[in-house]
Amino acid sequence: MTAESPKNQRAERYNAREAEARWQKTWDEQGIYATRNDDPRPKYYVLEMFPYPSGRIHMGHVRNYTMGDVVARFKRAMGHAVLHPMGWDAFGMPAENAAIDRKVHPKAWTYDNIAAMKKQLQSMGLSLDWAREVATCDPAYYKHQQRMFLDFLQGGLVAREYRKVNWDPVDMTVLANEQVIDGRGWRSGAPVEQRDLYQWVFKISDYAQELLEALDTLDRWPEKVRLMQKNWIGRSEGLLVRFMLDSATTPGGEGELEIFTTRPDTLFGAKFMALAPDHPLAQAAAAKNPKLAEFIAECKRIGTSQEAIDTAEKMGFDTGIRALHPFDPDWKLPVYVANFILMDYGTGAIFGCPAHDQRDLDFVNKYGLGNTPVVCPDGQDPATFVITTTAYDGDGRMINSRFLDGMTIAEAKEDVAKRLENSFLPPSERGRSAAEGCRVGVNEPQAGPPPPPSPLQGEGDERPAQVRSNNAPVAQRQVNYRLRDWGISRQRYWGCPIPVIHCSTCGTVPVPATDLPVTLPEDVAFDKPGNPLDRHPTWKHVKCPQCGGEARRETDTMDTFVDSSWYFARFTDPWNKDAPTTPEVANRWLPVDQYIGGIEHAILHLLYSRFFTRAMKKTGHLDIDEPFAGLFTQGMVVHETYRSKAGDWVIPADVTIEGMGDQRRAHLTATGEPVEIGSIEKMSKSKKNTVDPDDIIGAYGADTARWFMLSDSPPERDVIWTEEGVQGAWRFVQRLWRLVGEVSEVSGPQARPTTFGPEAQKVRKAAHRALANVSDDIARLRFNRCVAHIYEFANALSEAIGSIETLPSPDLAWALREAGDILVRLFAPMMPHLAEECWAALGHNSLVATEAWPEVEPALLIENTITLPVQINGKKRADVTVPREAGKEEIEAAVLALDTVQKALDGKSPKKVIVVPQRIVNVVA
RNA sequence: GCGGACGUGGCGGAAUGGUAGACGCAACGGACUUAAAAUCCGUUGGCUGUAAAGCCGUCCGGGUUCGACUCCCGGCGUCCGCACCA
């Protein structure tokens with residue numbers, strides 16, 4: 001502090017609006033965020049999930065992109081070549097809805113939105129390499145996606161199937177299983193119906209095992225996400241068992257029925273068999289039994305919506321068919337058709353063991369089929385162990401099971417598997433299989449027209465269980481997965497066209513690579529529901545590339561999740577016109593070191609991307625397995641809700657709040673009408689509890705918004721947006737500006753002093769401790785703690801400056817300047833504009849954005865004396881200060897000499913003294 | 001139903017098994033000001049006490065430990081994912 005410049009209480013305010021625009025311009029002009037692919041430094045790829053161009057960014061984006069930007073700036077300062085790109089997930093339904101509602105073309109709507117949102121993102125001061133920007137709706141992007149589709153087709157990773165699909169009646173399109181939430185379309189919210197349609201599918205289930213196993217290698221992913229994916233893939237090990245049928249009871253002389261079970265140990269508790277209503281044997285039996293046909297029809301009526309299926313009561317119908325127990329041909333089991341059996345899991349048929357499966361128990365209790373417990377829990381008397389309304393699915397020993405009695409469940413499973421694997425049905429009694437030739441798997445058509453022949457590949461089910469010779473064993477082990485293939489056909493306009501042509505002579509023909517991209521026609525009408533591509537007068541009519549005859553383009557477009565399954569790879573070389581990636585470039589940048597986005601993509605987007613990466617590897621576009629080495633899922637931004645008397649939601653900007661605690665009251669600012677304060681919810685348009693980033697940035701500046709988004713809550717948790725919180729952040733921005741101003745007025749020596757006095761040493765310790773803490777916090781994405789440590793440091797520095805009465809000594813002056821330089825660089829990743837302004841104020845000519853991260857002096861982190869807490873019987877009673885290198889005996893002596901300890905011991909000697917060096921002392925009296 | 005996470009002041013939240021409540025917000029008291037805003041200084045888990053100090057305290061009940069917000073067992077509550085997957 002110099003004599004000429006006394007503390008100025010009316011220091012100039014930091015003008016964020018003016019400064020932020022100025023620094024953004026400077027960064028842009030100097031191109032400091034452009035990343036070169038030949039940068040030799042160690043690479044670091046940080047990526048935030050790219051946005052859908054809805055038209056405006058929301059606070060969730062601000063939080064997400066701020067986190068990524070902090071990491072990018074930090075890694076850049078740490079000397080990495082940082083790749084930090086941005087793009088647009090630009091295909092999708094809202095563009096078509098806008099076209100329908102507002103008569104705007106989806107393309108115009110999308111590009112207008114992109115322009116608006118890009119401007120907003122730029123106002124946040126993100127250190128993005130905009131030269132790599134991509135939009136998935138750009139033919140220059142989706143051309144490569146079409147190319148990969150064809151490569152995948154060639155590689156056997158794509159199939160065309162006629163299958164049951166989830167149909168969204170509002171959006172008039174197909175949804176993948178993952179896109180159906182609680183029986184409703186994930187976007188429209190309409191109850192989903194079942195329909196049979198041709199579908200292009202990606203064979204993600206071929207990778208089920210690999211996707212499952214590789215989860216263990218993703219050690220920088222949240223455990224929760226890995227678990228969700230594991231459950232979604234849903235591996236289960238079991239046994240396929242062929243039951244002989246009493247052919248006298250079957251409709252067409254069928255001789256056997258194949259089921260899947262994970263509980264072969266409970267075979268002796270079997271009471272019935274059950275078939276899915278769609279099962280071929282059920283269909284065959286229904287053909288001869290009108291009442292059964294009626295029952296099946298009834299099942300389907302209920303089953304049009306997923307919602308209804310979930311709540312339907314268990315129902316069954318005895319077909320009259322009888323199955324023979326695999327271990328006892330004289331034991332006959334009734335075969336039912338039941339509404340709770342799913343055709344597309346396992347074989348669509350089960351054996352029911354009611355004592356140990358709740359569904360089966362509910363079923364037998366309804367139809368009076370009884371139950372026999374075969375697993376007895378330890379400690380229960382088998383003689384009195386009975387099951388009534390609750391099935392037992394725990395551990396125990398086998399009972400009532402002949403040769404299995406006394407075994408554990410695992411032993412019994414193994415024994416049954418071994419016996420049945422090695423036994424064969426006598427050929428004379430086999431007859432025709434009930435499932436033969438018409439067994440339905442997910443990969444085969446089950447009704448309706450057969451698929452047109454494909455010249456590309458052999459289709460059909462690859463599961464070995466289906467290939468069966470006369471000598472096939474009664475049972476074989478099988479692993480089943482819940483994960484289904486990924487249906488990508490969408491009956492929409494605004495998506496990536498699927499590059500195939502249907503020819504009545506040649507079948508399904510891929511569009512030749514030289515004809516790519518297949519672009520969307522621009523002259524389309526949205527006056528009717530359904531797919532405008534299908535209605536377009538000319539677009540779909542083409543010549544067959546093989547025979548030259550009249551043919552028809554595929555009018556379905558790809559699920560937009562395809563677009564986002566590889567954008568991270570495209571960013572590595574978006575300039576390559578000839579191929580989706582430049583493999584050597586992609587292999588250098590990938591995997592993404594830190595991916596940041598919402599937990600809502602835990603399954604869909606992340607699982608698809610993992611599959612896509614493997615598919616790209618198989619087709620030579622990449623040579624990595626996992627796209628995202630590190631994943632972070634940030635929490636939502638939530639806000640109070642407000643409702644007017646009339647029950648309408650009111651936006652926070654129109655509300656004035658008064659009072660506090662229970663006394664808080666809200667009213668409309670304009671009219672004074674009272675407003676009801678509601679619960680805190682995710683910011684959403686429907687509840688109008690949103691805050692517009694533009695308003696916040698306009699009023700307080702981007703740095704304030706960024707700072708507030710990082711403070712308060714841990715990043716993985718929800719953060720509550722409050723006006724007070726933003727103002728607190730804004731005050732801190734101003735405080736930092738004043739503080740740095742005060743530091744800048746200190747004139748210290750150029751050369752580093754050789755020794756430091758106690759005051760200077762104190763400042764230096766605070767600075768270096770903050771440096772060590774903040775570095776660690778950012779590296780571990782603990783932004784809220786990082787913020788706290790910067791507050792602490794700023795408090796310490798304020799105090800040091802405030803306590804100066806005259807001119808500071810040269811060593812203190814130097815230490816204060818050093819601390820100022822460190823402080824500015826510490827908050828620069830979070831508040832980059834303010835940091836530049838401060839950096840300049842401190843007299844530097846460089847940009848802080850290109851400065852190296854400060855280096856910590858480890859010696860300053862070590863204290864010479866240590867103050868240890870002293871506990872008596874585990875409760876803190878005193879402190880003791882000892883030299884750092886004091887030994888246990890020395891510490892113990894010092895502790896026992898303390899008055900408090902003497903008093904507590906009351907003349908007796910302690911039972912025990914525990915000394916934890918550097919930590920604590922505990923005296924046990 | 002199955003699986004998972006979480007539960008700490010008025011609020012958001014800190015705390016490798018080692019001083020519970022860092023840091024922020026809010027509140028209260030004070031300084032500056034004609035006044036307000038801004039800023040600065042201080043107080044702030046509860047109870048008892050003028051004070052020194054003491055007692056209680058991390059959802060509840062047990063346990064392990066010299067020592068438990070943290071680990072184990074059993075409850076209660078909140079949130080999330082999956083859900084007739086044989």
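Proteins come first, then strands; the chains are lettered A, B, ... in the order of their sequence lines, and each starts at number 1. All values reported here derive from a predicted model rather than from experimental measurement.
Of the P atoms belonging to B/rG62 and B/rG17, the separation is 25 Å, rounded to the nearest Å. Atom name C1', nucleotides B/rG61 and B/rG81: the rounded distance is 30 Å, in whole Å. Between B/rC69 and B/rG30, the two C1' atoms lie 36 Å apart (nearest whole Å). Here the separation of B/rC41 from B/rU48, taken at their C1' atoms, is 30 Å to the nearest Å.
In this structure, A/Ile341 reaches the bases: a heavy-atom distance under 4.0 Å links it to at least one base atom across the strands shown. Using a 4.0 Å heavy-atom distance criterion, A/Ile914 is classed as a base contact. Using a 4.0 Å heavy-atom criterion, one finds that A/Asn795 contacts the sugar-phosphate atoms exclusively. Contact annotation for A/Thr261: backbone-only contact, meaning every heavy-atom pair under 4.0 Å involves sugar-phosphate atoms and none involves a base. If you check every strand for non-hydrogen atoms under 4.0 Å, A/Arg782 touches sugar and phosphate atoms only. Using a 4.0 Å heavy-atom criterion, one finds that A/Asn922 contacts the bases of the nucleic acid, with or without backbone contacts as well. Using a 4.0 Å heavy-atom cutoff across all strands shown, A/Arg877 reaches sugar-phosphate atoms only and no base atom. If you check every strand for non-hydrogen atoms under 4.0 Å, A/Val916 touches a base.
Along RNA chain B, the nucleotide closest to A/Glu792 and the one closest to A/Gly348 are compared, and the more 5′ of them pairs with A/Glu792. A residue-by-residue look at A/Ala729 and A/Lys912 shows that A/Ala729 has its nearest nucleotide of RNA chain B further toward the 5' end.
Of the side-chain N and O atoms in A/Arg738, one or more sit less than 4.0 angstrom from OP1 or OP2 of B/rC40. Taking side-chain N and O atoms only, A/Ser236 has a distance below 4.0 Å to OP1 or OP2 of B/rA86. The shortest distance between the side-chain N/O atoms of A/Tyr791 and the OP1/OP2 oxygens of B/rG24 is not below 4.0 Å. Residue A/Arg769 places none of its side-chain N or O atoms closer than 4.0 Å to OP1 or OP2 of B/rA22. Look at A/Asn784 and you'll find a side-chain N or O under 4.0 angstrom from OP1 or OP2 of B/rA14. Contact between the side-chain N/O atoms of A/Arg717 and the OP1/OP2 oxygens of B/rC79 is not found at any separation under 4.0 Å.
Comparing B/rG12, B/rC40, B/rU19 by their closest approach to the side chain of A/Asp712 singles out B/rG12. Here B/rA86 is the nucleotide among B/rC84, B/rA86, B/rA83 with the atom lying nearest to any side-chain atom of A/Ile350. Of the listed nucleotides (B/rG13, B/rC25, B/rG67), B/rG13 has the atom at the smallest distance from the side chain of A/Ser713.
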Item to check | side-chain hydrogen bond (donor to acceptor under 3.5 Å, both in side chains) evaluation trace for A/Asn795 with A/Arg735 | outcome: CA-CA 10 Å; A/Asn795 290 344; A/Arg735 209 183 127 205; 2.7 Å; yes
Item to check | Criterion side-chain hydrogen bond (donor to acceptor under 3.5 Å, both in side chains) on A/Arg235 and A/Gln209, from CA distance to verdict | outcome: CA-CA 8 Å; A/Arg235 179 190 157 103; A/Gln209 184 63 28; 2.5 Å; yes
Item to check | side-chain hydrogen bond (donor to acceptor under 3.5 Å, both in side chains) assessment of A/Asp485 paired with A/Ser205 | outcome: CA-CA 5 Å; A/Asp485 282 332; A/Ser205 67; 2.6 Å; yes
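With both pairing distances under 3.5 Å, B/rA53 is matched to B/rU48 as a Watson-Crick or G-U wobble pair. Searching all strands for a Watson-Crick or G-U wobble partner of B/rA5 with both distances below 3.5 Å returns B/rU78. If you check B/rA38 for Watson-Crick or wobble pairing at under 3.5 angstrom, you find it has no partner at all. Across all strands shown, B/rA86 forms no Watson-Crick or G-U wobble pair with both distances under 3.5 Å. If you check B/rG17 for Watson-Crick or wobble pairing at under 3.5 angstrom, you find it has no partner at all. Across all strands shown, B/rU70 forms no Watson-Crick or G-U wobble pair with both distances under 3.5 Å. In a base pair of the Watson-Crick type (N1 to N3 plus N6-O4 or O6-N4) or a G-U wobble (N1-O2 and O6-N3), with each distance short of 3.5 Å, B/rU43 is matched with B/rA27.
Figure legend: cation-pi geometry between A/Lys314 and A/Phe340, with NZ or CZ positioned under 6.0 Å from the six-membered ring centre and within 45° of its axis.
A/Asp362 and A/Gln358 share a side-chain donor-acceptor pair at under 3.5 Å.
Using a cut-off of 4.0 Å between Lys/Arg side-chain N and Asp/Glu carboxylate O, A/Arg263 and A/Asp357 are scored as not salt-bridged.
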